[in-house]
Enquirer: 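Once you've had a glance at the structure underneath, I'll fire off some questions.
All values reported here derive from a predicted model rather than from experimental measurement.
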Amino acid sequence: MNTTRIQNTLETLFQDSARWLHPGRRVVFWYDPEQQFTSSFNELQLEGVEKLQLADTAFTVKYHLLVEQPNQTFLLYAPFAEPAPQENWLLDIQKSGLTFSADPAALIYADLGLRSRRLEIVIREHEKFFKSRKRIEALQAMGISPDSDERGLLLAMLSVLAGLKVPDAGTLIRRVLLGGLLESDNVLWSDIERFISPEAFWEVVQEHTDFPKQNPSLNKLFVQLLITHFAKSLHGTIPPQLANQVITPGQRAYAFIDQWMRDQQDSPGWKILSSEVAEQLHIFDAIENLEPEVLFEAASFEVVDKVLIRTCVKTLQMQMGQQITELTPWRTWLQARHTLIWFPQYEKIYQALEAAIALLEFKQQYPEGFRQPAPLLFKAYASDLHSFDQAYRHFIVKSDDAQGDILKGLIDDVENLYTQWFLDSLGEAWSDALSEEGKGEKGKILRPAPHLPCPPASSPLPLSWELEGIASQTRFFGRHVFPILERSDREKVFVIISDALRYEVASELQEVIKKEVRGETSLEAQLGVLSC
């Protein structure tokens, strides 16, 4: 062994305070039963350290260390094997110090700064792992605690194989599973078998997830972790065909999968494995008849979203042609999906469903239609009725963007609801309101605008008209633009003219401006101009 290498290791051993349990003087014992390093011991030059080769009786050495030089730092070299504890008269001093060896395993043990002598044996038992200088350096870079036990060292070694910067059981297990659920195709698993042992990995798995070690496999591990997470997510009993896959008590398994799902880097790989298991276990068949109140917070499998969407579409279609029941639970269930992992893939569909629910709820508010006097009908549209147009637009836009034909039947039903109920009912309400108001005294509520001629007597409505208490579009410039220009020539006003901008779009635009632009906004409806 190179004397320089031994000297550097011993200097580190003496100087590194983290390796010593006490602040007093430091004594290192070096047993060399085959006397291979006698010459190296003689060549050593350690500043502040007195070298002493054990040859005299133990009592002489004790007297020298404890009485003559109680504060001196010593390196005690014994050219013989370490005595048994009951025959070691220097055991008390040795227990207060450290033991050094110059064989490769001992040097690695010393380089890692460990205290437990059992770990030197662990290093010897994994000679293949420690033959790589790169792996040793990666292990050193992890900064393992001097008080680490055997499990801690093995976890660090496994983490090195997985390419981790620090020992981490959760990330290690992820990396192994992401390598593939079939051991024969998993490169990282092959390294574990070659350089450490499968048993060491399964010990880590059991401690971190409670997965039982009886006949373990990577596929069995992931299946049981995933089913346990699924079971914990349900608001009810798990289907019986899956119950035997649940780990108990299950909290650790649930936390492991939940953290994995939320990890930005590793969640794509998790999705692939989840889909493999869903197909393997026929999850869709197992859950297709579960109620939405059981499933709505479960995200372990993508098919949960498919089942919920199908059930929601079926429910909405059944209620389109009749008096609807309470849909608030569906709002809650769909809203719960927004924060879950599969939501981005189904976002457009969920938004379309939420818009369809809004349309049905709106219809429920007006079982008798919209008939009322013209001024009230005008104000009702500005305050409330326009939201139906808005919800319809949202549904159409989102359903057009949604992939697949899962909404196909619902789209037809929504179209019928909009045209045959809302537009027809609203049109009839306006016709009745204007006809009634037109029969009243000229100018009372509905009258021709004073600056335009009246239509022929045969026409039921004037070409231009006014409603009492409602601003007219014809006075827009005078009411809104001119006062700004009159205040100051420095102020600017912009008028956007759109021939097809509906009131419900303006209402939504106002909300967007409130959120994104600092300033005040106001929205006012005006009576437009009718023309034949």
Side-chain angles (χ1 to χ4, degrees), residues 173-174 177-182 218-243 245-247 250 253-316 330-354 356 398-399 401-410:
I173 298 169
R174 278 191 220 169
L177 292 173
L178 286 170
L181 302 183
L182 189 61
L218 297 182
N219 185 74
K220 182 179 178 182
L221 169 62
F222 187 73
V223 166
Q224 293 196 9
L225 289 172
L226 201 56
I227 296 299
T228 304
H229 182 271
F230 184 53
K232 293 285 184 182
S233 305
L234 296 176
H235 292 268
T237 305
I238 190 169
Q241 59 267 51
L242 303 177
Q245 301 282 9
V246 177
I247 299 170
Y254 176 88
F256 172 79
I257 292 293
D258 202 58
Q259 291 171 4
W260 188 352
M261 291 166 61
R262 298 175 189 277
D263 186 277
Q264 187 173 4
Q265 178 181 345
D266 290 341
S267 61
W270 176 87
K271 286 183 176 181
I272 294 173
L273 295 178
S274 171
S275 298
E276 290 179 7
V277 171
E279 185 176 351
Q280 173 186 336
L281 300 182
H282 306 288
I283 298 297
F284 184 89
D285 296 337
I287 69 172
E288 64 175 333
N289 294 321
L290 292 182
E291 296 297 328
E293 58 264 33
V294 174
L295 286 173
F296 76 96
E297 285 190 316
S300 312
F301 301 99
E302 182 181 0
V303 293
V304 172
D305 292 85
K306 295 180 180 180
V307 169
L308 284 172
I309 290 169
R310 290 175 185 272
T311 305
C312 185
V313 168
K314 183 178 179 180
T315 301
L316 295 178
W330 268 110
R331 280 193 174 275
T332 302
W333 298 331
L334 296 184
Q335 190 65 35
R337 309 305 295 174
H338 285 217
T339 59
L340 303 180
I341 189 170
W342 304 102
F343 177 73
Q345 294 174 230
Y346 297 95
E347 180 176 5
K348 304 299 183 184
I349 294 177
Y350 280 126
Q351 290 173 340
L353 293 176
E354 289 167 351
K398 300 305 179 183
S399 60
D401 291 340
Q403 296 181 355
D405 58 358
I406 194 170
L407 298 179
K408 184 177 181 181
L410 184 61

Enquirer: Ile406: what forms a side-chain contact (heavy atoms from CB on, under 4.5 Å) with it, not counting sequence neighbours?
Expert: Ile309, Arg310, Ile349
Enquirer: Looking at Leu181 and Glu276, what are the two nearest heavy atoms and their distance?
Expert: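 So the two residues come closest at CD1-OE1, 4.2 Å.
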Enquirer: Quick check: closest heavy atoms across Val304 and Ala298, and the distance to 0.1 Å?
Expert: CG1-O, 3.4 Å
Enquirer: Could you note down all residue pairs passing side chain to side chain donor-acceptor pair (under 3.5 Å) where residues 219-228 supplies at least one of them, sequence neighbours left out?
Expert: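 Applying side chain to side chain donor-acceptor pair (under 3.5 Å) to every pair that reaches into residues 219-228, excluding sequence neighbours, yields nothing.
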Enquirer: Only counting residues at least two apart or in another chain, list the ones meeting side-chain contact (heavy atoms from CB on, under 4.5 Å) with Lys348.
Expert: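 side-chain contact (heavy atoms from CB on, under 4.5 Å) check on Lys348 returns Gln351, Lys398, Asp401, Ala402.
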Enquirer: Within a reach of under 6.0 Å around CD of Gln280, are more than 12 heavy atoms found that belong to other residues, nucleotides or ligands?
Expert: yes
Enquirer: Restricting to non-hydrogen atoms, name the atom on Leu218 and the atom on Leu177 that form the minimum distance, rounded to 0.1 Å.
Expert: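 Shortest heavy-atom separation between Leu218 and Leu177 comes out as O-CD2, 3.6 Å.
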Enquirer: With Ala299, which residues qualify under side-chain contact (heavy atoms from CB on, under 4.5 Å), at least two apart?
Expert: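 Checked Ala299 against side-chain contact (heavy atoms from CB on, under 4.5 Å); matches are Met261, Leu340, Ile341, Trp342.
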Enquirer: Under the rule for side-chain hydrogen bond (donor to acceptor under 3.5 Å, both in side chains), what residues qualify as partners of Gln245, not counting sequence neighbours?
Expert: none
Enquirer: Among Ile173, Leu226, Ile247, find the residue that satisfies the side-chain contact (heavy atoms from CB on, under 4.5 Å) test when tested with Leu221.
Expert: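 That would be Ile173; it is the only one of Ile173, Leu226, Ile247 passing the side-chain contact (heavy atoms from CB on, under 4.5 Å) with Leu221.
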Enquirer: Please list all pairs passing the side chain to side chain donor-acceptor pair (under 3.5 Å) test where one or both residues lie in residues 293-306, with sequence neighbours left out.
Expert: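 Residue pairs passing side chain to side chain donor-acceptor pair (under 3.5 Å), neighbours aside: His229-Ser300, His235-Glu297, Glu302-Gln345, Glu302-Tyr346, Asp305-Arg337, Asp305-Tyr350.
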Enquirer: Would you mind telling me which of Thr315, Leu410, Leu308 makes a side-chain contact (heavy atoms from CB on, under 4.5 Å) with Leu353?
Expert: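 Running side-chain contact (heavy atoms from CB on, under 4.5 Å) over Thr315, Leu410, Leu308 with Leu353 returns exactly one hit, Leu410.
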Enquirer: Show me the pairs that pass salt bridge (Lys or Arg N to Asp or Glu O under 4.0 Å) and involve residues 259-271, at least two apart or across chains.
Expert: Arg174-Asp263, Arg174-Asp266, Arg175-Asp266, Asp258-Arg262
Enquirer: So, for Ser274 and Phe222, which heavy atoms are closest and what is the spacing to 0.1 Å?
Expert: N-CE2, 3.8 Å
